[in-house]
Amino acid sequence: MKLFFRNIFLVALALMLTTTACDDGFAELNTNPNAAIEINPNFQFSWIQLRTSGERYENWRAVLIYSSTMMQHLATTCGYWAGDKYTYNAGYSSSLFDRQYTQAVKDMQDLINTLESGAAGDQTMLGMARIWRTVIFHRLTDIYGDIPYSQAGKGFTEGIDFPVFDTQEFIYMDMLKELEEGIAQIGDEGGFGDADFLYNGDPGKWRRFGYSMMLRLGMRMSEVNAAEAQKWVEKAIQGGVLQMGEDAFIEHTNGPEGINRNGIGEVLDLANGSAGERCPRLSETFVNWMKDHNDPRLDIIGTLPVNGTEHVGLPNGLDTETILDNPTGTSTDDFSTVNQAIVKVSSPMMFLTVAETELLLAEAAVRGWGSGDAQAHYENGIRAAMKNWERFDASIVVEDAVIDDYIANNPFDQADAMRQIGEQYWAATFLNEYETFANWRRTGYPELTPVDYPNNITGGTIPVRFALPQGELGVNPNMQEALNRQSLPSSFPDHFTIPVWWDN
């Protein structure tokens, strides 16, 4: 029912939203900017969720080319896959900003305005929308630092053409408030029903999702404001987080329109991609870690090399010339690829999983926040991470006995818990690369060895943020203040080495 509902309305909705998004100045002279075309809130929420999942454009650039290779999940010899070379491409760096502000951010503000006005919808819808708005901005601020937030998306409704760039600290405090208030607005009735591609409008799951987001955001502040982080983490635990089987993901389909497809799958699915998109291989760092831990996920995530009978990872930072001197293989056919079963255009897009939540609970317990059992949460996180792959393909089943053996052979060690949790989080967030990148910056785990590719922009260190769009500086006069406040230089490539607020 959910997939049928999606397919029958998205073409018409796309036309409606595209029309209202266009602004060449002429429309303003002939229409009331406060009188938006009335759009069914159900349809609009569905559209926003799919826009948050993203299309091929930003998933290729921000997720795969940059984040996945910086985090050494993937590696490539293709020159334009710049992430593990630490070179700068303005379009790659700004791709998430460019797409989300013109699509999900703008339309979410319009939806919230409608719901707050009482013209349509209900309080449960509003609570869910406020939680999802946090999902959108959480990604943006983690990648870019200070961004337009409080005034974003208010050009038509309030005439704010040049929104201020709020500090990341302010954004985090407000997002946590939004989560708390949004959860409280979710009643036992109402909501988006089948128009909600996350939980089919289930209010209990939405509350637990909201608290799990609160846990993630609270933990993100652990190194910059431990007292405030602990307060929100404990509030989330008390509220109740996601339970087994309640992963937050959007199920995609192969059409009929591009918006229905998984953006990562559109790039990596060999049935649909071009030869140039087939560059990535599993990273040597990732493959060797899985081998060292005898991890059954390696055969799920990877496919054996064309020229081999065991998994081999490609070292990061090689190109088509330097690979010729590489001792573990001189052709990309010598290295493991991503399993096509998990990167289809119909694959789910993960936003927050039970595995991530359990591992964050394990870390909270290690820190003495809340009263949980660190070992139990750690083992639950591993179990959930291995079971999660069944969502990508029904044929992928990791038997309980296999998981039990893995846990027994990789036992929890309280003295080394932070490293263990960080590494398992890295493994559990494969393909959820925005989250991998953020958690690595916060914890320092796994301990990745950077590369020093010729003419890189970081001095041979792994980047710690993306640069904001260069073009925005000439459009929005508020951007310069944000750059000065964060000590970001006029040279945009240099932004990659300056940590965001919570990473200091």
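Using a 3.5 Å distance cut-off with no hydrogens or angles, the side chains of His293 and Asn409 do not pair a donor with an acceptor. The closest side-chain donor-acceptor pair between Ser346 and Asn254, if any, does not fall under 3.5 angstrom. For the 3.5 Å distance criterion, the side chains of Gln238 and Glu234 fail to qualify, holding no donor opposite an acceptor. No side-chain donor-acceptor contact under 3.5 Å links Asp295 and Trp289. A donor-acceptor pair shorter than 3.5 Å can be found between the side chains of Trp132 and Thr52. Side chains of Gln109 and Asn113: a donor on one and an acceptor on the other come within 3.5 Å. Residues Tyr425 and Glu363 bring no donor and acceptor atom of their side chains to less than 3.5 Å of each other. A donor-acceptor contact closer than 3.5 angstrom is absent between the side chains of Asn262 and Ser347.
Atom CD1 in Ile136 sits 6.5 Å away from atom CD1 in Ile48 (nearest 0.5 Å). Remark: Ser68 OG to Trp81 CH2 distance equals 5.5 Å, nearest 0.5 Å. Atom OG of Ser222 is separated from atom CD of Glu228 by 13.0 Å, given to the nearest 0.5 angstrom. Atoms CG and CE, on Asn439 and Met219 in that order, are 9.5 Å from each other to the nearest 0.5 Å. Note that OG1 of Thr134 is 9.5 Å distant from CE of Met214, once rounded to the nearest 0.5 Å. Atom CD1 of Ile301 and atom CZ of Phe430 lie 5.5 Å apart (nearest 0.5 Å).
Between the side chain of Asp110 and the main chain of Lys106, no donor-acceptor pair closer than 3.5 Å is present. One N or O on the side chain of Asn380 and one on the backbone of Ala376 form a donor-acceptor pair closer than 3.5 Å. No donor-acceptor distance shorter than 3.5 angstrom exists from the side chain of Asp196 to the backbone of Phe192, with no hydrogens or angles considered. Without hydrogens or angle criteria, Thr102 side chain to Asp98 main chain gives a donor-acceptor distance under 3.5 Å. Side-chain N or O atoms of Tyr406 include none that pairs as donor or acceptor with a backbone N or O of Asn294 at under 3.5 Å. One N or O on the side chain of Thr353 and one on the backbone of Glu356 form a donor-acceptor pair closer than 3.5 Å. No donor-acceptor pair under 3.5 Å is formed between the side chain of Gln103 and the backbone N or O of Arg51. The main-chain N or O of Tyr92 is found under 3.5 Å from a side-chain atom of Ser95 such that the two form a donor-acceptor pair.
Under 4.0 Å is where a charged nitrogen must lie from a carboxylate oxygen, and between Asp142 and Arg465 no such pair does. Between Glu447 and Arg419, none of the side-chain N atoms (NZ, or NE/NH1/NH2) sits under 4.0 Å from a carboxylate O, so this pair counts as no salt bridge. Salt-bridge formation is detected for the pair Asp393/Lys344: a Lys NZ or Arg NE/NH1/NH2 atom is positioned less than 4.0 Å from an Asp or Glu carboxylate oxygen. Comment: Arg367 engages Glu223 in a salt bridge, judged by a side-chain N to carboxylate O separation of less than 4.0 angstrom.
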*Take Asp404 and Arg383 through the test salt bridge (Lys or Arg N to Asp or Glu O under 4.0 Å) and record every step on the way to the result.*
CA-CA 8 Å; Asp404 291 341; Arg383 190 173 302 278; 2.7 Å; yes
*Please step through side chain to side chain contact (heavy atoms under 4.5 Å, CB included) for the pair Ile462 and Met71, ending with a clear verdict.*
CA-CA 8 Å; Ile462 300 173; Met71 292 298 95; 4.0 Å; yes
*Can Leu352 and Asp247 be said to form a side chain to side chain contact (heavy atoms under 4.5 Å, CB included), step by step?*
CA-CA 6 Å; Leu352 194 157; Asp247 302 300; over 6 Å; no
*Using the ring pair (Phe, Tyr, Trp, His ring centres under 6.0 Å) rule, take Phe466 and Phe437 through it: C-alpha gap first, then chi angles, then the decisive distance, then the call.*
CA-CA 11 Å; Phe466 290 6; Phe437 184 37; 5.8 Å; yes
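The side chain to side chain donor-acceptor pair (under 3.5 Å) analysis of residues 115-127, with sequence neighbours excluded, yields the pairs Gln123-Gln185.
Gln340 approaches Thr303 most closely through the heavy-atom pair N-OG1, 4.4 Å.
Of the candidates Lys205, Arg208, Arg391, Arg208 is the only one forming a salt bridge (charged side-chain N to carboxylate O under 4.0 Å, His left out) with Glu246.
Ring-plane geometry between Phe412 and Tyr378 is classed as tilted, the angle between the planes lying from 30 to 60 degrees on a 0 to 90 degree scale.
A cation-pi arrangement is found for Arg61 relative to Tyr57, the charged atom lying closer than 6.0 Å to the ring centre and inside a 45° cone about the ring normal.
With ring centers used as reference points, Tyr66 lies under 6.0 Å from Phe496.
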